[in-house]
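Below: the structure, in structure tokens.
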Amino acid sequence: MPSANIAVANSPVLLSPSPISLPFFSSSSSNKHVRSSSSFTNNIEAFFGVFDGHGGVKAADFAAKNIGKNIISEVALRSEEGQKEAEREGYLTTDANFLKLNANGGSSCVTALIQNGKLVVSNAGDCRAVMSRSGLAEALTVDHRPSEQHERERIGKQLSGGYVDCSRGAWRIQGSLAVSRGIGDSHLKRWVIAEPETKILMIEPECEFLILASDGLWDKVSNQEAVDVVRPLCIGVGDPKPSSACRKLVDLALMRGSSDDISAMVIQLGHFVQC
């Protein structure tokens with residue numbers, strides 16, 4: 001079983017120190033996170049992310065240090081109507097710059113940007129974002145895995161010899177990788193793209209909290225189960241304990257037999273509701 005550790009506010013993967021108490025719990029140093037809520041332009045209020053590395057920590061570490069800055073730079077060049085394109089370019093720029101390092105490995109990513117009371121969530125890979133809306137779980141991302149039909153069809157349409165098969169209990173690209181999008185993976189780049197999918201919504205009073213987590217959690221804990229674990233500790237209580245909620249999520253996945261890297265972050269959205 002992997003040893004557990006908590007990422008602290010002065011972690012080197014943070015964009016900048018954050019005045020918001022934001023819990024993050026990880027069972028592995030291969031996973032990274034990023035958070036920031038200070039002195040942005042373009043009415044950006046905060047940026048968060050979870051990054052799940054494979055084949056080493058280099059891609060996850062690089063993405064955590066750079067993807068937020070790249071997205072925010074792209075946002076500055078566009079109106080709010082261009083937000084999805086800004087997210088896309090931020091992810092692709094991060095990927096291109098990592099590939100220039102000729103480093104091994106790759107990373108799944110899920111990020112959340114808050115701007116003018118809007119929540120902008122993007123992902124590439126199988127890290128997932130789930131929001132509690134009045135206690136009901138709402139998935140804001142779709143996992144990018146070769147087992148998903150739309151991803152298999154995308155890979156199959158490319159005239160570059162790509163294939164998907166079932167190996168070691170999972171669908172894999174070229175018999176190797178069980179995610180179909182992400183940062184890095186240079187040897188599979190023709191098929192493992194960094195282009196994210198993005199969802200934008202207004203943060204309304206019923207939007208209670210957002211869970212960002214790696215697949216080590218979601219493979220063992222359903223979306224609604226995760227919301228049900230976090231909610232009693234964070235909503236309608238005088239002393240919210242989101243750090244305890246993160247610990248309970250990771251402990252639940254471990255108890256159910258997860259041997260994968262597990263990371264979970266809880267963002268209380270009530271901070272960002274605009275009156």
Side-chain angles (χ1 to χ4, degrees), residues 7 9 11 13-25 33-51 64 67-76 78-84 86-87 90-91 109-123 127-141 196-213 223 226-227 229-246 249 263-275:
S11 164
V13 300
L14 299 182
L15 284 177
S16 59
S18 170
I20 292 177
S21 176
L22 183 68
F24 172 84
F25 192 87
H33 79 294
V34 63
R35 62 185 181 181
S36 183
S37 62
S38 58
S39 62
F40 288 133
T41 58
N42 293 80
N43 297 313
I44 296 173
E45 299 169 69
F47 181 85
F48 313 100
V50 167
F51 307 87
I67 202 167
K69 292 182 286 187
N70 290 334
I71 290 172
I72 291 164
S73 295
E74 293 292 336
V75 168
R78 296 170 172 81
S79 65
E80 284 192 44
E81 288 70 26
Q83 182 66 61
K84 287 190 176 182
E87 295 276 324
Y91 271 66
C109 313
V110 61
T111 59
L113 181 145
I114 297 174
Q115 180 183 31
N116 287 334
K118 290 182 180 179
L119 176 62
V120 184
V121 174
S122 297
N123 77 308
C127 291
R128 188 184 305 170
V130 173
M131 184 179 73
S132 173
R133 189 186 290 273
S134 299
L136 296 178
E138 183 176 330
L140 301 184
T141 58
E197 291 188 290
T198 299
K199 185 167 186 175
I200 303 174
L201 67 155
M202 288 298 301
I203 301 175
E204 299 170 328
E206 62 266 27
C207 299
E208 296 172 335
F209 55 85
L210 181 69
I211 304 170
L212 304 181
N223 296 347
V227 166
V229 167
V230 173
R231 197 167 190 262
L233 294 168
C234 295
I235 302 300
V237 294
D239 181 22
K241 299 185 183 299
S243 292
S244 296
C246 287
L249 288 173
S263 295
M265 176 186 289
V266 172
I267 302 156
Q268 294 184 271
L269 296 175
H271 294 295
F272 304 105
V273 175
Q274 293 194 349
C275 300

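This one's a predicted model, so the numbers in the text were calculated from it and none came from an experiment.
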### Task
For Ser244 and Leu233, work out which heavy atoms get closest and say how close.
C-CD1, 4.0 Å
#### Entry: Heavy-atom side-chain contact between Tyr91 and Thr111 under 4.5 Å
yes
### Task
Scan Ile211, Val110, Asn123 and name whichever one has a side chain to side chain contact (heavy atoms under 4.5 Å, CB included) with Val50.
Val110
### Message
Ignoring hydrogens, what is the shortest heavy-atom contact between Leu249 and Ala264? Give both atom names and the distance.
### Response
CD1-CB, 4.2 Å
### Message
Using every non-hydrogen atom in the two residues, find where Thr141 and Cys127 come nearest and quote the distance to one decimal.
### Response
OG1-O, 4.1 Å
Side-chain donor-acceptor contacts of residues 197-204 below 3.5 Å, not counting sequence neighbours, with atom names and distances?
unit_1: Glu197; atom_1: OE1; unit_2: His144; atom_2: NE2; d: 2.7
unit_1: Thr198; atom_1: OG1; unit_2: Ser122; atom_2: OG; d: 2.7
unit_1: Glu204; atom_1: OE1; unit_2: Arg133; atom_2: NH1; d: 3.3

### Task
Output the distance between atom SG (Cys109) and atom CD1 (Ile67), rounded to the nearest 0.5 Å.
4.5 Å
### Message
If I compare all heavy atoms of Arg78 with all of Gly82, which pair ends up nearest, and what's the gap?
### Response
CD-O, 3.3 Å
### Message
Using side-chain heavy atoms (C-beta onward) and a distance below 4.5 Å, is Val273 in contact with Pro205?
### Response
yes
### Worked check of side chain to side chain contact (heavy atoms under 4.5 Å, CB included) between Leu113 and Ile72
CA-CA 9 Å; Leu113 181 145; Ile72 291 164; 4.3 Å; yes
### Message
Is the shortest side-chain heavy-atom distance between Val120 and Phe47 below 4.5 Å?
### Response
no
### Query
Are Phe209 and Ile235 side-chain neighbours, meaning at least one heavy-atom pair lies under 4.5 Å?
yes
### Message
If you define the side chain from C-beta out and look only at heavy atoms, does anything of Cys234 sit under 4.5 Å from Gln268?
### Response
yes
### Task
Any chance you could measure Ser132, atom OG, to Leu269, atom CG, to the nearest 0.5 Å?
9.0 Å
### Task
Give the C-alpha distance, both sets of side-chain angles, the deciding distance and a yes or no for side chain to side chain contact (heavy atoms under 4.5 Å, CB included) between Val130 and Leu140.
CA-CA 6 Å; Val130 173; Leu140 301 184; over 6 Å; no
### Message
Quick check: do Leu136 and Val227 have side-chain heavy atoms less than 4.5 Å from each other?
### Response
no
### Task
Please collect all salt bridge (Lys or Arg N to Asp or Glu O under 4.0 Å) contacts where either partner lies in residues 113-122, sequence neighbours excluded, each pair once.
Glu80-Lys118
### Partners passing side-chain hydrogen bond (donor to acceptor under 3.5 Å, both in side chains) against Gln274 (at least two apart in sequence or in another chain)
none
#### Entry: Closest non-hydrogen atom pair, Ala129 against Leu212
CB-CD2, 3.6 Å
### Query
Quick one: are Gln115 and Gln83 in side-chain contact, heavy atoms under 4.5 Å?
yes
#### Entry: Gap separating the CG atom of Leu210 from the CZ atom of Phe272, nearest 0.5 angstrom
10.0 Å
### Approximate separation, where rounding is to 0.5 Å, of Glu138 CD and Glu206 CD
9.5 Å
### 4.5 Å side-chain heavy-atom contact, Ile114 and Ile44
no
